[in-house]
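Data block below; observations after.
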Amino acid sequence: MHLEMPLIIGLMVAASSLAIAAKRVRIPYNVALVVGGLLLSVGGVLPGMPPLNPEVVFLVCLPLLLFEGGITADVANVRANLLPIAMLATLGMVLAIAATGAALHYTLALAWGPALLLGSILAVTDTVSILYAFRRAPVPRRLSGIMQGESLFNDGTALVAYAAISSIVVGGVSSFSLPLISAKVLGATVGGLAIGVTLGLVAGFIIRRTEDPLAEIMVTTALAFAAFVIGEQLRLSGAIAAVTAGLATGINLRRHVAPQSQVAIHTFWEYAAFGVNTFLFLSMGLTTRPETLVRYLPQTLIAVACVFAGRAVAIYLPFLLLRWLRPSEAVPMRWQHVFILGNIKGALSIGLALGLPENTPSRELLVAIAFGVCFLSLVVQGFMLTDILKRLGLFHEDPVAYAVADQQARLIASRAARQELEELHEQGLIPRAAYEHLRGDYQVGIASAERELRRLSEQHLAQGAKIVLATRRRLIDAERTALLSARRAGLIPEATAETQLARLDTRTLELEHVLSSAQEDEAGPVRKVS
């Protein structure tokens, strides 16, 4: 795909502007990108935008996103919920494709091949939207762990099923064997796991002996692409290989790598994921044609209902089986509703649809429906997911935190007003009597806010400890900034700066661990459900 520099710069400016707007109006960033991209496309603001290239999605974006999801995942949470995650990513995915395909076959009069193919395209879940909603809503830790783990691994099984069904449909085979497709999915998944673990161990051996953050970042980048490409070349699951390689690397980093390298690697992958997602969602909006959405709106709405029906089968049946086989692993019914209502589609489904060969039966209809379903899913479900969590009683609001924030806001505003009053008085712009009267009012407000904050901290020790930890993190960042400035100015030697920065990185990781533990305690025990 050829992009001219003015267009690239325009995309960056548009993405930055939409990010600021999304933050101010408190809407999901990916939703703002898709809607903003559609509006920019309609207004002709960024002309010359080429279609979303499926090769770029598969060979560049997908390995980076999957590896980043693995390297930053909560491994302990994934391990604790491995059985439900595995059931959803294997049995659940097969059921979702089969049930969705059957519903599409009977409601839209699609042939079985294209119907199952579209079912596999729409079986992929957008991890970004789920993570965004969970950051805003502190849901129980086990629920977030299962959903995040399933969304990481279901991409791999969906891609394997997509490839198998596509080869049958394009090859002109009229009959389908669901057991054969299921066996291919299982075999490709196991093979992908083996490749990811093997390459992750090799990369971990190299990283432990590198002791250079930049070189270690390069190793992890090469690992992400190598795991995906090797898996695909061996006709196994490159997606599963990339996720597993990321998980193995994340474990290795936490156990054997210096804190300075851990901070550098995680910072790089956080930015890489942000950049890739920005490109995907903005491109999705820019390449979506409103006239196509309108023309196929009836079929799209029917397909949305079929996707929900297929997802319901893929969630309720495996969890029912899990309750029979392992009662201790049972998942509450309220949580199961979240798996269905939070089943948001993303740019990967668009990439799969655009990657269909030209001789695919009903290709135009499949692509149009995939675009429509993904657009409606991102916009409608992306907006509503946090409210859904609230209605299901899974949004745990902390009244103490709100009370502390309210007093902090009063304190900030009152001190700012008092400072402005002092400057006005020094400049002689306010009479002495008025100055003393107003200053007394603000002093009373400041003293009241400080007294209330002290009371809340003393009565709620956990909240007070969180404030101290968060403040300490900001102070560490200030120390880091000062050290970097001193090193650039030549005020301290390079070796001294590196030693001090490594010390700060160690303290940063310790604080993050403590803050994470505090958040997990607030969300409740892994197995206990209120």
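Worth knowing before you read on, the calculation uses all heavy atoms, side chains too, and leaves out hydrogens, waters and symmetry mates. Please read these numbers as outputs of a predicted model, since none were measured by experiment.
- Under the salt bridge (charged side-chain N to carboxylate O under 4.0 Å, His left out) criterion, Glu150 pairs with Arg311, not counting sequence neighbours.
- Using modelled atom types and a 3.5 Å distance limit, the side chains of Trp269 and Thr72 yield no donor-acceptor pair.
- Pairing each heavy atom of Ser349 with each of Leu122, the nearest pair is OG-CA, 4.4 Å.
- Residues passing the ring pair (Phe, Tyr, Trp, His ring centres under 6.0 Å) test with Tyr435 are His425, sequence neighbours excluded.
- The shortest distance between side-chain heavy atoms of Phe153 and Leu88 does not fall below 4.5 Å.
- Every residue was checked against the side-chain hydrogen bond (donor to acceptor under 3.5 Å, both in side chains) condition with Gln262, not counting sequence neighbours, and none meets it.
- Within the 3.5 Å criterion, the main-chain N or O of Lys345 finds a donor-acceptor partner in the side chain of Ser377.
- Among residues two or more places apart in sequence or in another chain, the side-chain hydrogen bond (donor to acceptor under 3.5 Å, both in side chains) test is passed with Ser414 by none.
- What you find for Gly372 and Thr300 is that their closest heavy atoms are C-CG2, 3.4 Å.
- With sequence neighbours left out, the salt bridge (charged side-chain N to carboxylate O under 4.0 Å, His left out) criterion links Glu423 to no other residue.
- The OG atom of Ser151 sits 12.0 Å away from atom CD1 of Ile146, with the distance rounded to the nearest 0.5 Å.
- Ala303 approaches Val373 most closely through the heavy-atom pair CB-CG2, 3.8 Å.
- Not one N or O on the side chain of Thr496 forms a donor-acceptor pair closer than 3.5 Å with the backbone of Ile492.
- For Ser448, the side chain to side chain contact (heavy atoms under 4.5 Å, CB included) partners two or more places apart in sequence, or in a different chain, are Arg410, Arg451.
- Rounding to the nearest 0.5 angstrom, the gap separating the CZ atom in Phe225 from the OG1 atom in Thr220 is 10.5 Å.
- Distance check: Leu491 CG to Leu483 CG gives 11.0 Å after rounding to the nearest 0.5 Å.
- Side chains of Gln443 and Ile446 form a contact here, defined as non-hydrogen atoms less than 4.5 Å apart.
- Side chains of Leu301 and Leu376 form a contact here, defined as non-hydrogen atoms less than 4.5 Å apart.
- Interatomic distance, CD1 of Ile430 versus CD of Glu420, reported as 10.0 Å (0.5 Å rounding).
- Here the closest heavy-atom approach between residue Tyr296 and residue Ala368 is recorded as CD1-CB, 3.4 Å.
- Remark: Arg487 pairs with Glu494, Glu498 by the side-chain hydrogen bond (donor to acceptor under 3.5 Å, both in side chains) rule, at least two apart or across chains.
- By the side chain to side chain contact (heavy atoms under 4.5 Å, CB included) test, Ile206 is found to be paired with Val202, Thr210, Val219, residues two or more places apart in sequence or in another chain being considered.
- At a threshold of 4.5 Å between non-hydrogen side-chain atoms, the residues His437 and Asp441 count as touching.
- Between Glu479 atom CD and Gln500 atom CD the span is 9.0 Å, to the nearest 0.5 Å.
- Closest approach of Val331 and Gln336 over heavy atoms only: O-NE2, 3.0 Å.
- Residues Ile251 and Arg79 have side chains in contact (heavy-atom distance under 4.5 Å, counting atoms from C-beta outward).
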Test side chain to side chain contact (heavy atoms under 4.5 Å, CB included) on His266 and Leu253 and set out the steps.
CA-CA 10 Å; His266 283 296; Leu253 291 179; 4.2 Å; yes

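- Side-chain atoms of Gln148 never come within 3.5 Å of backbone atoms of Ala73 as a donor-acceptor pair (strictly under, hydrogens ignored).
- Considering only residues two or more places apart in sequence or on other chains, Arg295 meets the salt bridge (charged side-chain N to carboxylate O under 4.0 Å, His left out) condition with Glu364.
- To the nearest 0.5 Å, the span separating CD1 on Ile369 from SG on Cys374 amounts to 11.5 Å.
- Residues Leu66 and Ala242 come closest through the heavy atom pair CB-CB, 4.0 Å.
- For Arg455, the salt bridge (charged side-chain N to carboxylate O under 4.0 Å, His left out) criterion is met by Glu452, not counting sequence neighbours.
- Within a 6.0 Å sphere centred on OH of Tyr442, heavy atoms belonging to other residues, nucleotides or ligands number 12 at most.
- Note on residues 425-435: pairs passing salt bridge (charged side-chain N to carboxylate O under 4.0 Å, His left out), not counting sequence neighbours, are Arg432-Glu436.
- By the side-chain hydrogen bond (donor to acceptor under 3.5 Å, both in side chains) test, Arg415 is found to be paired with Glu450, residues two or more places apart in sequence or in another chain being considered.
- By the 6.0 Å contact criterion, CD on Gln419 is open, its count of non-hydrogen atoms from other residues, nucleotides or ligands being 12 or less.
- Proximity of Ile265 to Ile71: side-chain heavy atoms (C-beta onward) are separated by under 4.5 Å at one or more points.
- Under the 3.5 Å distance criterion, the side-chain polar atoms of Thr221 are matched with a main-chain donor or acceptor of Ile217.
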